[in-house]
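Here it is: the structure, laid out below.
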Amino acid sequence: MSDYIEIEGEKPLNGVVKISGAKNAALPQLIATLLTAEQCEFENVPALEDVSLTLHLLEHFGGQAARTSDKVKISVPHLLASEASYSLVKALRASFWVLAPLLARGRAARVALPGGDKIGARPVDMHLEGLAQMGADIKVKHGVVLATAVDGLRPADIQLRFPSVGATHQLLMAAALVPGTSIIRGAAREPEVEALASMLMQMGADIEGTGTATIIIRGKEELGGAKVRLIGDRIEAGTYLLAGAAAGGSVRVNGVNPLHFGEFLDLLSKMNLDLEYGDDYVQVTRAGDLKPVDAITGPFPRFATDLQAPLMAALCFASGISTIEETVYEGRFGHVSELCRMGAKIQVDQQFATIHGQSKMSGAEVDGHDIRAAASLVVAALGSNGTSVIYEPHHLRRGYEALEAKFSNIGARIGYKITDPEDFVFTGC
Ligand code: UD1
């Protein structure tokens, strides 16, 4: 038995998509509940595999979680474990972020190293160096980080050599539960970092400078609970906007702050798309030919690497030659071979991709190797002539809530299928 998503392309998309809460904001904010014994409440929580895995992880540490529709209540009255095994961290890389809260609250943690994945080596040296500067004794043995802070962590002035989102999350969480002033220089400026900081402030920490490269944290001996509404998912939203660009039509994404897109909206304008936006929506209309662009990924507010693959898919339909330089991950062109199987003409030279637009894109059977690679195939399939079959849809379940229903609502012909006729499931079309 295998399952797949089937898409019949070249149907213009028109309508409104309600964007879900951001996966990449949900994960660190759910993990931050480990810092307090008090209850934290969340709204706008997306129904995604990664969120379910995070809740499971928190239960492993003593968390009591209750979920109703998009609301989650969690409390961790006592830390009942200090270890995250490789199987937990392998299933969800962000599980590694439990290291800082476990250390700050429980003074000891054993967390498996996440290792590399299909998009790159993804080391965690900055996480470990920052925590060591805060007084943690850190050893790495047999692929496991053993960290202790017998007398508690201490405040520190930490310089990151690259604005890592994960390292900034970890150090923010640690510093929030350490009395005294810590500084993170060269910090990530992503909206998800701001969202975590604002939750930590509600919990009692005093934090200045989020959204800039220097964050100053005055931590507390104890933190309290928080009530949080998750921000809208800018990557999910960007994927729908690019699908509109590839297939044609007019797509509006509701529930997302336009300021959270950084350079991405400028790229859409340069692609000759009409753009309209308000406080919590963006609308893109394709009125004529798509123009090629030159894009370079980078830390926020530069163009987000998570939208690189979906952008490349849309650029296959542009009238001319586009280039994309990937500066965040060394191996993030896994989608290229699959796009080429659909007729794309793309050359890759190390971190550079050259996309020859207006190639005849036609539906094909393709494999989505990771979450954003799979999203790029959906975008390509929607603009292509004929029917595409996208295998391994479980990658999409990690980051796109109700994908088929949302696309069907705006006119896509899309369905989820299972090959065993006994289990046949069909939505959309
Ligand atoms: C987060 C996002 C991911 C996004 C990425 C960059 C989540 C759950 N994931 O991942 O979707 O693609 O930000 O926007 O929010 N690095 C080091 N040493 C470190 C830490 C990072 O060299 O200690 C490197 C990484 O290998 C990578 C780059 O820094 O090349 C960016 O990584 P980072 O910002 O940390 O990404 P994540 O937090 O893992």
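As the structure lists them, so they are numbered: ligands from 1, and atoms in each ligand from 1.
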- [ ] Would you kindly specify which portion of I235 sits under 4.0 Å from ligand 1, judged on non-hydrogen atoms: side chain, backbone, both or neither?
- [x] neither
Task: Lys/Arg cation over aromatic Y416: R397, 6.0 Å, 45° cone - done: yes
Open item on the list: If we set the cut-off at 4.0 Å for heavy atoms, which region of H127 has an atom near ligand 1: side chain, backbone, both, or neither?
Closed with: both
Task: NZ/NE/NH1/NH2 to OD/OE distance under 4.0 Å, R332 and E326 - done: no
TODO: Please determine if A94 has a nitrogen or oxygen closer than 3.5 Å to a nitrogen or oxygen of ligand 1.
DONE: no
Task: Side chains of D233 and S20, donor plus acceptor under 3.5 Å - done: no
Task: Identity and separation of the nearest protein heavy atom to atom 27 (C) of ligand 1 - done: V328 O, 3.5 Å
Task: Backbone or side-chain N or O of D306 under 3.5 Å from ligand 1 N or O - done: yes
TODO: Would you check if there is a donor-acceptor pair between the side chains of H335 and Q308 at a distance under 3.5 Å?
DONE: yes
Task: Within-cut-off N or O pair, P163 and ligand 1, under 3.5 Å - done: no
Task: Protein contact to atom 18 (N) of ligand 1 [nearest heavy atom, distance to 0.1 Å] - done: D125 OD1, 2.7 Å
Task: Salt bridge flag under 4.0 Å for residues R372 and D370 - done: no
Task: Side-chain donor/acceptor of E83 to backbone N/O of S85, under 3.5 Å - done: no
Open item on the list: With respect to R122, determine whether any N or O atom, backbone or side chain, lies less than 3.5 Å from an N or O atom of ligand 1.
Closed with: yes
Open item on the list: Checking a contact table here: which protein heavy atom is nearest atom 9 (N) of ligand 1, and how many Å away?
Closed with: N24 ND2, 3.7 Å
- [ ] Assess F96 for proximity to ligand 1: is some non-hydrogen atom of it under 4.0 Å away?
- [x] no
Open item on the list: Pairing donors with acceptors under 3.5 angstrom, does anything connect the side chains of Y400 and T239?
Closed with: yes
Open item on the list: What I want to find out is whether R218 reaches E208 closely enough, with some N-O distance under 4.0 Å, to be called a salt bridge.
Closed with: yes
- [ ] Would you verify that at least one protein heavy atom lies under 4.0 Å from atom 24 (C) of ligand 1, or report that none does?
- [x] no
- [ ] Write down the atom of M361, the atom of A344, and the distance for their closest heavy-atom approach.
- [x] SD-N, 3.4 Å
- [ ] For the pair M126 and Q170, evaluate side-chain contact (heavy atoms from CB on, under 4.5 Å) and give the outcome as yes or no after the intermediate values.
- [x] CA-CA 10 Å; M126 285 185 276; Q170 291 252 36; over 6 Å; no
Task: Distance-only N or O hit between ligand 1 and S164, under 3.5 Å - done: yes
Task: Atoms in ligand 1 flagged as close to W97, the criterion being non-hydrogen separation under 4.0 Å - done: 7 (C), 8 (C), 15 (O), 38 (O)
Task: Polar contact flag for Y329 and ligand 1 (N/O pairs, less than 3.5 Å) - done: yes
Open item on the list: Under a 4.0 Å threshold between the charged nitrogen and the carboxylate oxygen, would E192 count as salt-bridged to R234?
Closed with: yes
- [ ] Report yes if some N/O of T305 lies less than 3.5 Å from some N/O of ligand 1; otherwise report no.
- [x] no
- [ ] Check each of A167, P114, A25, P123 against atom 26 (O) of ligand 1 and report the one with the nearest heavy atom.
- [x] P123
TODO: For ligand 1, indicate whether the residue Q170 contacts it via side chain, backbone, both or neither (heavy-atom separation under 4.0 Å).
DONE: neither
Open item on the list: I'd like to check which ligand 1 atoms, numbered from 1 as shown, lie under 4.0 Å from a non-hydrogen atom of G166.
Closed with: 35 (O), 38 (O)
Open item on the list: Give me the atom names and distance for the closest heavy-atom approach of I31 to A94.
Closed with: CD1-O, 3.4 Å
Task: Parallel, tilted or perpendicular, as decided by the 30° and 60° cut-offs, for the rings of Y240 and F407 - done: tilted
Open item on the list: I want to know if ligand 1 touches V165 in the polar sense, i.e. an N/O pair below 3.5 angstrom.
Closed with: yes
TODO: Consider ligand 1: state whether an atom of it lies below 4.0 angstrom from any non-hydrogen atom of Q308.
DONE: no
Open item on the list: With a heavy-atom distance limit of 4.0 Å, tell me whether R372 approaches ligand 1 through its side chain, its backbone, both, or neither.
Closed with: neither
Task: Distance-only N or O hit between ligand 1 and K23, under 3.5 Å - done: no
TODO: May I ask you to check if ligand 1 and L27 share an N or O to N or O distance below 3.5 Å?
DONE: no
Task: Atom indices of ligand 1, in the order listed, that fall short of 4.0 Å to a heavy atom of R332 - done: 12 (O)
Open item on the list: Within the structure, is a non-hydrogen atom of R161 found at a distance of less than 4.0 Å from ligand 1?
Closed with: yes
Open item on the list: Could you report the tightest heavy-atom contact between I5 and I414, atom names first, then the distance?
Closed with: CG2-CG1, 3.7 Å
